[in-house]
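First the structure, in the form of structure tokens, and then the observations on it.
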Amino acid sequence: MPEGHTIHRLALDHRSRFEGERVRVSSPQGKFTGGAALIDGQVMTGAEAHGKHLFLGFGPDRWVHVHLGLFGKLGFGAAPAPPPTDTVRLRLANPSAYADLRGPTTCALITDAEKHAIHDRLGPDPLRPGDDGTRAWQRISRSRTTIAALLLDQKVIAGVGNVYRAEVLFRHHIDPYRAGRDLTRAEWDALWADLVFLMAEGVRHNRIDTVRPEHLPEAMGRPPRVDDHGGEVYVYRRAHMGCHICGSEIRTAGLAARNLFWCPGCQPGTGGG
DNA sequence: ATTCCATGATCAG
DNA sequence: TGATCCTGGAATC
């Protein structure tokens, strides 16, 4: 379930368990055996995230670059580590803890230069201290592409995925099909600030919650609700259900190869038509 | 037992 | 735009 908040959380989780310590590194599945051998027994010197990319540092000029893709998962446990199953791409272990990586799109050993190249091709990340939305605005304000597509473009802004895109556009009453260049600077500044807030909350709670307190079911006089993906949301995966605010039927459509969700009542516009 | 689907991204055409 | 890669849980037969 990886959007940017998940990856930043994973960087924290790696630091708390492994930073400054020697780590046994292996690839039970075999697809990273060569890389694992080169860092096995080295000290983990740091862990950081940029958007959906995770970087685990092992001494000068050596990083394990991990991208979970859609299916990847990292699972932590206390030592002793159980025998790994055959899908574990990467296992890290020290005397007190272990971490298993499965199903990533990327797990590769890279250099500082290669890491820099990745940072360079990513847009600003709402979760990276010091990043701000100005660079993203420069692209968005000149683009005829829909804001919904731009939010998923990691070159424009790094870390936003399908849930945050749908939810942040709902929270700001923006029709997902509006062209980037038709947004005002004030609208973009508000979107960016809200992503900074929402994604930091996501790191803290390790899940995506976007519903304002006054709109929670108990505050609205409705029975408590449980969304099947674990967080409280307004529109994501709520196609054909009633909007919590205005009651309109939530709509869905494919956009940028993903399922988009929005409320035609709260986010008025052409709706793509 | 089999198919479908997912909070991602790349590459070919 | 479509095919493809990665995994696992839910839905469907």
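Reckoned from all heavy atoms, side chains included, excluding hydrogens, waters and symmetry mates. Given the structure is predicted, the values throughout are model-derived calculations rather than measurements. In what follows, chains carry the letters A, B, and so on, assigned in the order in which the sequence lines appear, proteins first and then strands, with residues in each chain numbered from 1.
- Defined by atom type and a distance below 3.5 Å, a donor-acceptor pair is missing between the side-chain atoms of A:Arg181 and A:Thr145.
- At the heavy-atom level, A:Thr87 lies under 4.0 Å from the strands shown only through sugar-phosphate atoms.
- When rounded to the nearest whole Å, the span between CD1 of A:Ile118 and P of B:dT10 equals 10 Å.
- Here B:dT7 presents its C1' atom at 14 Å from CG of A:Asp209, a figure rounded to the nearest Å.
- As rounded to whole Å, 13 Å separates atom P of B:dG8 from atom CG of A:Leu260.
- When distances run from any side-chain atom of A:Lys31 to the nucleotides B:dG8, C:dG8, C:dC6, the shortest one goes to C:dC6.
- Within the 4.0 angstrom heavy-atom criterion, base atoms lie near A:Ile208.
- Nearest nucleotide to the A:Arg121 side chain, out of B:dG8, B:dT7, B:dT10: B:dT10.
- Among the atoms of the strands shown, none is found under 4.0 Å from any heavy atom of A:Glu167.
- The side chain of A:Asn259 sits closest to B:dA6 out of C:dC6, B:dA9, B:dA6.
- For A:Lys52, the listed nucleotide lying nearest its side chain is B:dA9; candidates were B:dA9, B:dT7, C:dT7.
- Using modelled atom types and a 3.5 Å distance limit, the side chains of A:Arg91 and A:Ser26 yield no donor-acceptor pair.
- A:Arg207 has its CZ atom 21 Å from the P atom of B:dA6, to the nearest Å.
- If you take CG of A:Leu74 and C1' of C:dG8, they are 15 Å apart, rounded to a whole angstrom.
- In this structure, the CZ atom of A:Arg237 is 10 Å from the P atom of C:dA11, given to the nearest Å.
- Within the 4.5 Å cutoff, no side-chain heavy atoms of A:Thr105 are placed close to those of A:Phe71.
- Figure legend: cation-pi geometry between A:Arg171 and A:Tyr234 absent, as NZ or CZ is not positioned both under 6.0 Å from the six-membered ring centre and within 45° of its axis.
- Distance, A:His53 NE2 to B:dT10 P: 7 Å, rounded to whole Å.
- In the set B:dT7, C:dC6, C:dG8, B:dT7 carries the atom at the smallest distance from any side-chain atom of A:Pro2.
- Picking from C:dT7, B:dG8, B:dA6 the nucleotide with the shortest atom distance to the side chain of A:Arg102 gives C:dT7.
- The nucleotide whose nearest atom lies closest to any side-chain atom of A:His67 is, among B:dT7, B:dA9, C:dC6, B:dA9.
- For A:Phe170 and B:dT7, the CZ to P distance is 19 Å, given to the nearest whole Å.
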| Can you check side-chain contact (heavy atoms from CB on, under 4.5 Å) on A:Thr252 and A:Trp262, steps first, answer last? | CA-CA 7 Å; A:Thr252 186; A:Trp262 78 100; 5.6 Å; no
